[in-house]
Enquirer: 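This is the structure I want to talk about, given as structure tokens.
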2 protein chains.
Amino acid sequence: MSVERIEADYLIETAYDLSQAADVMAGEQSSGTFTPVPGETPELKARSAAVVAHLQDLGPVAAPALPGAGKADQEHRQARVTLSWPLANLGPSLPNLMATVAGNLFELKQFSGLRLLDIRLPQAFADAYQGPAFGIAGTRQLAGVDGRPLIGTIIKPSVGFTAAETANLTRLLCHANIDFIKDDELQADGPGCPFDERAQAVMAVINDHAHQTGKKVMYAFNITGEIDQMRRRHDLVEKLGGTCVMVSLNAVGLPGLVEVRRNSGLPIHAHRNGWGVQSRHPLLGFSYVAWQKFWRLAGADHMHVNGLQNKFCEEDQSVIESARTCLTPMFENKPCIAMPVFSSGQSALQVSDTYRALGSVDLIYAAGGGIMAHPGGPSEGVKSLQQAWQAAIAGEDLRAYAKTRPALKTALDAYRS
Amino acid sequence: MSVERIEADYLIETAYDLSQAADVMAGEQSSGTFTPVPGETPELKARSAAVVAHLQDLGPVAAPALPGAGKADQEHRQARVTLSWPLANLGPSLPNLMATVAGNLFELKQFSGLRLLDIRLPQAFADAYQGPAFGIAGTRQLAGVDGRPLIGTIIKPSVGFTAAETANLTRLLCHANIDFIKDDELQADGPGCPFDERAQAVMAVINDHAHQTGKKVMYAFNITGEIDQMRRRHDLVEKLGGTCVMVSLNAVGLPGLVEVRRNSGLPIHAHRNGWGVQSRHPLLGFSYVAWQKFWRLAGADHMHVNGLQNKFCEEDQSVIESARTCLTPMFENKPCIAMPVFSSGQSALQVSDTYRALGSVDLIYAAGGGIMAHPGGPSEGVKSLQQAWQAAIAGEDLRAYAKTRPALKTALDAYRS
């Protein structure tokens, strides 16, 4: 029976009796409402009500985390709550799962804090969705990179280059021996750099480079747009010999990603921009652990996780937990492993810490300034990252390893904080 | 030139120099990044950089609103910032607009608070998107209701009824002279109440009632699901003679709604569940004023706005502001007016205040307990709401008006808080 139920864990904060507050959550998100109604029979509740499967008091807090809750002047406590729903309420549907586990409950008067921490789904969800088509093995095969992370970069300036300028930078990066390049999330199909023109110009460079060197650089073209636009753009990339497409998850939504996945012959690079809205307040929204499961099951091959010592607010520990969760199987027969993408202010400096904390090389390590601003130029920038990863994997001391490797040595000096 | 630019207003909070902080926002969301890069030429910046069009210091605050920002121990100030982007950066694309005005900036280290307050779009957006197909006039025509709000209700229990039980309740509500019924957002196509079965059973009742009385009750069927599922479900509703479909906006995403709109012959009832994540903290996420513009332009005919004295955290003033903004034209030649939907703990009690504050009857007034729990039964519940609106529109005192109207009088006694 438990296999046919959906479970969700929450961190809550309330001035109400914990058990009553948890019951309100369960009621609001299933067969109950704020007042009893005639049809809410014991039989109906038995088959449809969400139940509070677990409730752990975490103790009182000094002040309510969010404004607007009831009983503001009384003591607030935090608790961990697990709710459980029968699959029959919604069936294996990701959009309706979103409305069920993360719908109307964040605004309930009872709560001065409510955050979704994790979800567990029955096998029916694994059967209903495709998950990533390429994941780690497929990405490595297309990129021709084994035993180490893909070294990647983002086209910068984020937006403003014409198609020809983007292709010129791509040529420079190809010559620098990069593995992976991505469009910025701000660059999609603006009149200043139309998608088709950019894809053609960039792929001409990449194909030419592949012809000469045997190495086809993976370029994640940002196809974010309407359903038909995304399909057409994907098909163009595939036809041109490209090996990756990118979408902004919060902009395209779950059905948007599912539709891209259904028609995709290429890895899907999933950008999380807008994630701050859903995660920035620790007592509101989603943990990345819960959130990324929706998108992996829907088909994301690469998931952004930020990077150590990044330019945003996120702590290193949270970044590593995010990356680790992408590498943790979702179902026994359908692991849906997505390759974590490290980015934001990355250089050779963070490599050892990243490897030590994650214990894996199955990731994309993306650096902008960490490559382009290397005093020796982009080639040396890429080389410095490769050398840093060699040192980390071999368990060598970075500074010692750098002594005989000028690219790495220059990077360590140039980027030291 | 200004007509070719996109503008967005933000409320920010920062311990950094206000002007510098605003520049970081503008840079991050256009051609800049955290470190200067070679291609960022003056020419490129001139054509692509977002500019700070307006900056108003709102003064210091006692403590940072959100954790994680830099300079936590220094004085934080709030400010109102307007950024402006050239349309050429992204073109008239709603998903890419989302990534541009509400993408990576909420997590920037500079900000202990950042909320999108409003957006203004050039005409190209009006040309690129369809907006609502029915709006107020189309909805009124299909529902056969003029000069007053549509009186509506939600199927409760939210989930748990079989298709036949849903149809039975629909019959009761039809006999009670209801104008509008909606599925709960938790009820879509679960095995416990499959969509097709429910649509067929419910529409048999509604068509039968229409045949006998000439009144076709509008039923918003929750078609939320994948793209192909939503299209198929919409087509079934249309084929069965139904007059409305519903989607959960945050579950289907912008391209999902656009796709529904493109293929829809029925008004789209837009549910905002999950909105709490994006709005609950006053210094994070979106104001409804900004957020609803995306969805109206994408095609939403009815937009949920909560209700006065609701069961959630939202203040009455915010509810009215939300409703008013739905009734405010977006473009001169494409107003995209959506009908606001009031719901959550509504009864005859809030009618006068709602009308007084909004000054319009162009809305759906949805009550659950306010109809079903009326001591005289659902017929009297509906009648009490109609009478309350008659009194409000006529400018009569509610209690005085109720003296000769037992349904209203009973409601005022039963629901008084």
Enquirer: Output the option from A/Leu66, A/Leu97, A/Leu254 having the highest count of non-hydrogen pairs under 4.5 Å with chain B.
Expert: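 Most heavy-atom pairs within the cutoff with chain B belong to A/Leu66.
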Enquirer: Taking the six-membered ring for Trp, are A/Tyr288 and A/Trp275 closer than 6.0 Å centroid to centroid?
Expert: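 Yes; A/Trp275 has its ring centre under 6.0 Å from that of A/Tyr288.
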Enquirer: Mind ranking A/Ala251, A/Gly253, A/Ala49 by heavy-atom pairs under 4.5 Å with chain B and telling me who comes out on top?
Expert: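 When all of A/Ala251, A/Gly253, A/Ala49 are compared, A/Ala251 has the most.
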Enquirer: Which region of B/Ala102, side chain (C-beta onward) or backbone (N, CA, C, O), has a non-hydrogen atom less than 4.5 Å from a non-hydrogen atom of chain A, or is it both or neither?
Expert: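 The backbone, not the side chain.
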Enquirer: Looking at A/Met230, A/His281, A/Met372, which has the largest count of heavy-atom pairs under 4.5 Å with chain B?
Expert: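 Among A/Met230, A/His281, A/Met372, the one with the most close pairs to chain B is A/His281.
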Enquirer: Between chain B and each of A/Gly274, A/Gly160, A/Gly276, count heavy-atom pairs under 4.5 Å; write down the option with the most.
Expert: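 It is A/Gly160.
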Enquirer: Does a salt bridge link B/Glu40 with B/Arg47, judged by any charged N lying under 4.0 Å from a carboxylate O?
Expert: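 Judged by the 4.0 Å cut-off on N to carboxylate O distance, B/Glu40 and B/Arg47 do not form a salt bridge.
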Enquirer: Tell me, for B/Asn104 versus chain A, whether the close heavy atoms (under 4.5 Å) come from the side chain, the backbone, both or neither.
Expert: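 Both backbone and side chain of B/Asn104 come within 4.5 Å of chain A.
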Enquirer: Under a 4.5 Å heavy-atom cut-off, does chain A meet the side chain of B/Ser248, its backbone, both or neither?
Expert: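 Contact with chain A involves the side chain of B/Ser248 alone.
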Enquirer: Charged N to carboxylate O under 4.0 angstrom, B/Arg231 versus B/Glu259?
Expert: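 So B/Arg231 pairs with B/Glu259 through a salt bridge.
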Enquirer: Heavy-atom cut-off 4.5 Å, strictly under: side chain, backbone, both or neither for B/Thr41 against chain A?
Expert: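 Contact with chain A involves no heavy atom of B/Thr41 at all.
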Enquirer: Do B/Glu107 and A/Lys311 meet the salt-bridge criterion of a basic N to acidic O distance under 4.0 Å?
Expert: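 No salt bridge links A/Lys311 with B/Glu107.
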Enquirer: Restricting to salt bridge (charged side-chain N to carboxylate O under 4.0 Å, His left out), what partner residues turn up for A/Glu185, sequence neighbours left out?
Expert: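 Testing A/Glu185 for salt bridge (charged side-chain N to carboxylate O under 4.0 Å, His left out), a comparison that skips the adjacent residues, returns none.
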Enquirer: Quick one: what part of B/Tyr129 sits under 4.5 Å from any heavy atom of chain A, side chain, backbone, both or neither?
Expert: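 Just the side chain, heavy atoms under 4.5 Å.
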Enquirer: If a pair satisfies side chain to side chain donor-acceptor pair (under 3.5 Å) and one of its residues is in residues 62-72 of chain A, list it, with sequence neighbours excluded.
Expert: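 Sorted pair list comes back empty.
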Enquirer: Counting only heavy atoms closer than 4.5 Å, note whether B/Leu44 contacts chain A via side chain, backbone, both or neither.
Expert: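 B/Leu44 touches chain A through side-chain heavy atoms alone.
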Enquirer: Name the region of B/Phe294, side chain, backbone, both or neither, that has any atom closer than 4.5 Å to a heavy atom of chain A.
Expert: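 Contact with chain A: none, neither part.
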Enquirer: Can A/Asp184 and A/Ser158 be counted as having a side-chain donor-acceptor contact under 3.5 angstrom?
Expert: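 The answer is yes; a qualifying pair exists.
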